[in-house]
Asks: 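Below is the structure I would like to discuss, written out as structure tokens.
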Protein chains: 2
Amino acid sequence: MGEKRESTGFLIKQRAFLKLYLLTSIEKERWYGMQLLDELRESFKPFGFEPQHSEVYRALHDLLEDGILSRRKIKEDGSKYKEVAVYSIANKEEAKAYKKLVKADLDRCEQLLRKALKDNFS
Amino acid sequence: MGEKRESTGFLIKQRAFLKLYLLTSIEKERWYGMQLLDELRESFKPFGFEPQHSEVYRALHDLLEDGILSRRKIKEDGSKYKEVAVYSIANKEEAKAYKKLVKADLDRCEQLLRKALKDNFS
DNA sequence: TTATGAACATCTTGTTCATGG
DNA sequence: CCATGAACAAGATGTTCATAA
């Protein structure tokens, strides 16, 4: 089950990066896709990174398929005229394990970047 | 001339990363492709990254097209039975400018990774 | 064989279109 | 219109093939 590679050799993939953030947000409270997207965009804008909606949806769908998240469609009655898909953690153990994997890869990537800065600019 | 984007939003691309290292190596002495490849692989192996030969050649060809490197095919007489393509810096100003660009992107990426570690693991 | 390339295949991501409230 | 998806297109990289010496 945990045999999917998150490390693809060079740097971490955007998908894995987003999945990490999504898990952390969803751990805290209920969210739906566009909310999460807006939050992420706001957060990364200073770094010149603005994830696309389809990539965020794909990340959520991945986590659903992995059984880490569950989804419930609800009518935001009172508020709007729309139906949204709200996510919650389905398997805390898996979620934790996945985050641990991604952390290891982030650490590796950080080292690689530091090395590059040192090797080429010192 | 310098209007090609190196920052693609998320993390730096492998191509730009390799170009940076190639320039730094070639600044120091004459090299040819396979030498550079072996050097890079050795250097990154501890980080689980082993660039492919075609990607290194593509990086070299990019730098040629950009006019930053020049190439000279030579017969390594005395040594082997082969012809190699040896590179040298064609335009030091451009090389310096390119490296500066990449450095900025590396810095940005490092910040982004640090942020992710902080936002998700603290 | 080794070094250099090109061609081709795949994987990842961005852009556009479709549907239902 | 907004939220969710899917479909499609483009880009980046990995794998395989071709050629010369």
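These numbers come from a predicted model, not from an experiment. Quick note on labels: first sequence line is chain A, next is B, and so on, each numbered from 1.
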Asks: For the pair made of CZ in B:F17 and P in D:dA12, what is the distance, rounded to whole Å?
Replies: 17 Å
Asks: Does B:R108 use its side chain to pair, donor to acceptor, with the backbone of A:F47 at less than 3.5 Å?
Replies: yes
Asks: Out of C:dT13, C:dT4, D:dT13, which has the shortest distance to the side chain of B:E55?
Replies: D:dT13
Asks: Please evaluate the base of C:dG14 for a donor-acceptor partner in the side chain of A:R58 within a cut-off of under 3.5 Å?
Replies: yes
Asks: Is it the case that over 12 heavy atoms from other parts of the model lie below 6.0 angstrom from the NZ atom of A:K100?
Replies: no
Asks: Taking the side chain of A:H61 as its heavy atoms from C-beta onward, which of D:dG5, C:dA3, D:dT4 lies nearest to it?
Replies: D:dG5
Asks: Got a sec, which residues hit side-chain contact (heavy atoms from CB on, under 4.5 Å) with B:R114, two or more places apart in sequence or on another chain?
Replies: A:E110, A:R114, B:E110
Asks: Among D:dG5, C:dG5, C:dG21, which is the nearest nucleotide to the side chain of A:E83?
Replies: C:dG21
Asks: Which pair of non-hydrogen atoms, one from B:A116 and one from A:F17, has the smallest distance, and what is that distance?
Replies: CB-CE1, 3.6 Å
Asks: Which nucleotide in the set D:dT16, C:dG14, D:dT4 lies at the smallest distance from any side-chain heavy atom of A:Q52?
Replies: C:dG14
Asks: Roughly how many Å is it from OH in A:Y57 to P in C:dT13, rounded to a whole number?
Replies: 18 Å
Asks: Using only modelled atom types and a 3.5 angstrom limit, is any donor from either the side chain of A:H53 or the base of D:dG5 paired with an acceptor on the other?
Replies: yes
Asks: Report the distance from atom CG of B:L63 to atom C1' of C:dT4, rounded to the nearest whole Å.
Replies: 16 Å
Asks: Can you see if the side chain of B:K73 gets near the phosphate of C:dG5 - specifically, an N or O under 4.0 Å from OP1 or OP2?
Replies: yes
Asks: Considering the terminal five base pairs at each end of the helix from C:dT1-D:dA21 to C:dG21-D:dC1, what angle separates the two local helix axes, rounded to 10°?
Replies: 20°
Asks: Could one point to a donor on the side chain of A:S54 or the base of C:dT16 with an acceptor on the other under 3.5 Å away?
Replies: no
Asks: Checking side chain to side chain contact (heavy atoms under 4.5 Å, CB included) against A:L106, which of A:I12, A:L11, A:L101 comes through?
Replies: A:I12
Asks: Could you go through the side-chain contact (heavy atoms from CB on, under 4.5 Å) check for A:L60 and A:L69 one step at a time?
Replies: CA-CA 8 Å; A:L60 289 168; A:L69 288 184; 4.0 Å; yes
Asks: What is the distance from CZ of B:F49 to P of D:dT13, rounded to the nearest Å?
Replies: 9 Å
Asks: List the steps and the verdict of salt bridge (Lys or Arg N to Asp or Glu O under 4.0 Å) for B:R41 and B:D38.
Replies: CA-CA 5 Å; B:R41 283 195 171 164; B:D38 291 343; 5.4 Å; no
Asks: Just how far, in rounded Å, is P of C:dT12 from CG of A:L18?
Replies: 14 Å
Asks: Output the rounded distance in Å from CG (B:L11) to P (D:dA12).
Replies: 14 Å
Asks: Can you tell me the distance, in whole Å, between the CD1 atom of B:I12 and the P atom of D:dT13?
Replies: 10 Å
Asks: In whole angstroms, how far is the C1' atom of D:dT13 from the CZ atom of A:F10?
Replies: 11 Å
Asks: Checking the side chain of A:W31 only, and the main-chain atoms of A:Y87 only, is there a donor and an acceptor separated by less than 3.5 Å?
Replies: no
Asks: Short of 4.0 Å, heavy atom to strand atom, which residues of residues 33-42 of chain A count as contacting DNA chain D?
Replies: A:G33, A:M34
Asks: Heavy atoms under 4.0 Å, any strand shown: does B:Y87 hit a base, just sugar-phosphate, or nothing?
Replies: sugar-phosphate
Asks: Taking A:R15's backbone N and O only, do any of them form a donor-acceptor pair with A:R58's side chain (distance below 3.5 Å, no angle check)?
Replies: no
Asks: Could you go through the side-chain contact (heavy atoms from CB on, under 4.5 Å) check for A:I68 and A:D62 one step at a time?
Replies: CA-CA 9 Å; A:I68 297 177; A:D62 274 11; over 6 Å; no
Asks: Between C:dG5, C:dG21, D:dT4, which one does the side chain of A:Y32 approach most closely?
Replies: D:dT4
